[in-house]
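Scroll down for the structure; my scribbles are underneath it.
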2 protein chains.
Amino acid sequence: MKPDQRSAFDRRSWPPEEAEEALRAYGCRVTQPRIAVLQALLELGGTVDAATLTERAQRLVPGIHEATVYRTVNTLTEVGIASHVHAGHGPSLVRLGGERQLVAVCDSCGKIEDVPTEPIEALVESMETTTGFRLQPGHFALEGMCARCAQQS
Amino acid sequence: MKPDQRSAFDRRSWPPEEAEEALRAYGCRVTQPRIAVLQALLELGGTVDAATLTERAQRLVPGIHEATVYRTVNTLTEVGIASHVHAGHGPSLVRLGGERQLVAVCDSCGKIEDVPTEPIEALVESMETTTGFRLQPGHFALEGMCARCAQQS
DNA sequence: CTTAATGCAAACACTTTGCACTCCC
DNA sequence: GGGAGTGCAAAGTGTTTGCATTAAG
């Protein structure tokens, strides 16, 4: 699988037809399991872990195997249809669209939230100028306590 | 093991005697393996993964087992002598001192850098006021490309 | 001498991989 | 029909746990 051209990486909406087109343009085959994973991602509509995604995809294509979901997610990521986020301890997360989105995971209850990206821009710039480190903000999850859990403590 | 009182959580320097004192104050025994892990952390002097730490500790106490290192790290964290950081894909990291320190991991070469904490404060406040999410900045690693790798690409 | 802490091995959670079979193009 | 993609099982990481034994206090 070789890169073809950068797909519109920051789209959140990937109508199945366009996603399939993107796969083909990348030289990939459009298979039942891949369609199922795409559809599952659309239905779930957010940032999810592999287990959740597998469960959902299996409703659509019963036989689909966990390993296939992992492989599919990697493929979709390469093609630029999806991206994955490393969340602290737990499993990593997947979502439709690119890496511009920011995710926050609650250490206490595990809740996954999409959060606005603007506030981190200053940090990105600051780190780039002071240390030369080029932060990829969408590639890792922010951790802490969600509003609800923070209130309880 | 019950909390006694909050140890000076943000110290980086933990002379062995003081660390042992802190352990005792917490109701923990001061054992050879624990001394070895503490000493190894001191010698390594930064933010390290369990494998590195184990290897180093084994030089001091040859028989020391990996599982013991994990348990010791957890104990030291509870006591407030050490803290751990979740780094994206790889293993989690440990260091002497508290969670106020920020760590950046290069996705490309794996380099672990301590970075200044001030720039993230604005993000913490911004997230707290806009979404209620209380970020714990020292608890996860920032990811991206280190200066060297960023230059090469 | 009491019981926390260790060593060991086994289990654990998450992810990847080798291989034979399938089914997309 | 040829090869990318799949299912399956097995291995690979990183970390935790149960249990008999050791050693700190």
Side-chain angles (χ1 to χ4, degrees), chain A residues 1-2 4 19-21 23-38 48-55 57-58 60-79 81-82 84-94 105 110 112 141, chain B residues 1-2 4 19-21 23-38 40 48-55 57-58 60-79 81-82 84-94 105 110 112 140-141:
Chain A
M1 184 174 309
K2 293 126 205 157
D4 184 343
E20 291 174 21
E21 210 177 307
L23 278 171
R24 286 213 175 82
Y26 209 86
C28 294
R29 293 182 180 173
V30 176
T31 64
Q32 291 276 15
R34 283 178 178 168
I35 294 170
V37 170
L38 274 167
V48 296
D49 59 87
T52 308
L53 181 55
T54 302
E55 193 200 355
Q58 282 172 341
L60 303 164
V61 173
I64 192 171
H65 196 273
E66 211 183 1
T68 301
V69 173
Y70 277 106
R71 281 190 278 229
T72 302
V73 164
N74 289 337
T75 303
L76 296 179
T77 300
E78 271 189 73
V79 176
I81 295 171
H84 65 278
V85 190
H86 301 129
H89 22 274
S92 30
L93 308 172
V94 209
V105 178
I112 302 165
Chain B
M1 184 176 306
K2 292 127 206 156
D4 185 343
E20 292 173 21
E21 208 178 310
L23 277 172
R24 287 213 174 81
Y26 210 86
C28 295
R29 292 182 182 174
V30 176
T31 64
Q32 291 274 16
R34 284 178 178 168
I35 294 170
V37 169
L38 273 167
V48 297
D49 58 87
T52 308
L53 181 55
T54 302
E55 192 200 358
Q58 281 172 341
L60 304 164
V61 173
I64 192 172
H65 196 273
E66 211 185 0
T68 302
V69 173
Y70 277 106
R71 280 190 279 229
T72 302
V73 164
N74 288 338
T75 304
L76 295 180
T77 300
E78 271 189 75
V79 175
I81 295 170
H84 66 278
V85 190
H86 300 128
H89 21 275
S92 29
L93 309 172
V94 210
V105 178
I112 302 166
F140 57 93

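- Contact detail for B:F140 and A:A141: the closest heavy-atom pair is CD1-O, 3.7 Å.
- Distance, A:I35 CD1 to D:dA4 C1': 15 Å, rounded to whole Å.
- Distance, A:L23 CG to C:dC24 C1': 13 Å, rounded to whole Å.
- Rounded to whole Å, atom P of D:dA4 lies 20 Å from atom CD of A:E20.
- With sequence neighbours left out, A:L93 forms a side-chain contact (heavy atoms from CB on, under 4.5 Å) with A:T47, A:D49, A:V85, A:A87, A:V103, A:V105, A:I112.
- Here the P atom of nucleotide C:dA5 and the OH atom of B:Y26 are 12 Å apart, to the nearest Å.
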Produce the list of close N/O pairs, under 3.5 Å, pairing protein atoms with atoms of nucleotides 16-19 of chain D; give distances to one decimal.
| residue | atom | partner | partner atom | Å |
| --- | --- | --- | --- | --- |
| D:dG18 | O6 | B:R71 | NH1 | 3.2 |

Table of protein N/O atoms under 3.5 Å from nucleotides 20-25 of chain D N/O atoms:
| residue | atom | partner | partner atom | Å |
| --- | --- | --- | --- | --- |
| D:dA24 | N3 | B:R29 | NH1 | 3.2 |
| D:dG25 | OP1 | B:V30 | N | 3.1 |

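- In this structure B:H65 satisfies the side chain to side chain donor-acceptor pair (under 3.5 Å) test with no other residue, sequence neighbours excluded.
- Scored by the side-chain contact (heavy atoms from CB on, under 4.5 Å) test, B:L23 finds B:C28, B:V30, B:R34, B:L38, B:T75, B:L76, B:V79, B:I81 as partners (sequence neighbours excluded).
- Within the nucleic acid shown, A:G63 comes within 4.0 Å of sugar-phosphate atoms alone, with no base atom in reach, counting heavy atoms only.
- Listed here is the closest heavy atom pair of B:V69 and B:A50: CG1-O, 4.5 Å.
- Every side-chain contact (heavy atoms from CB on, under 4.5 Å) that A:H86 has, sequence neighbours left out, goes to A:H84, A:S92, A:H139, B:H89, B:E143.
- The side chain of A:S92 contributes an N or O atom lying less than 4.0 Å from OP1 or OP2 of C:dT15.
- Taking A:Q58 as the reference, A:T54, A:I64 meet the side-chain contact (heavy atoms from CB on, under 4.5 Å) condition, with sequence neighbours excluded.
- For A:T68, no side-chain nitrogen or oxygen approaches OP1 or OP2 of D:dT6 to under 4.0 Å.
- A residue-by-residue look at A:V61 and B:G90 shows that A:V61 has its nearest nucleotide of DNA chain D further toward the 5' end.
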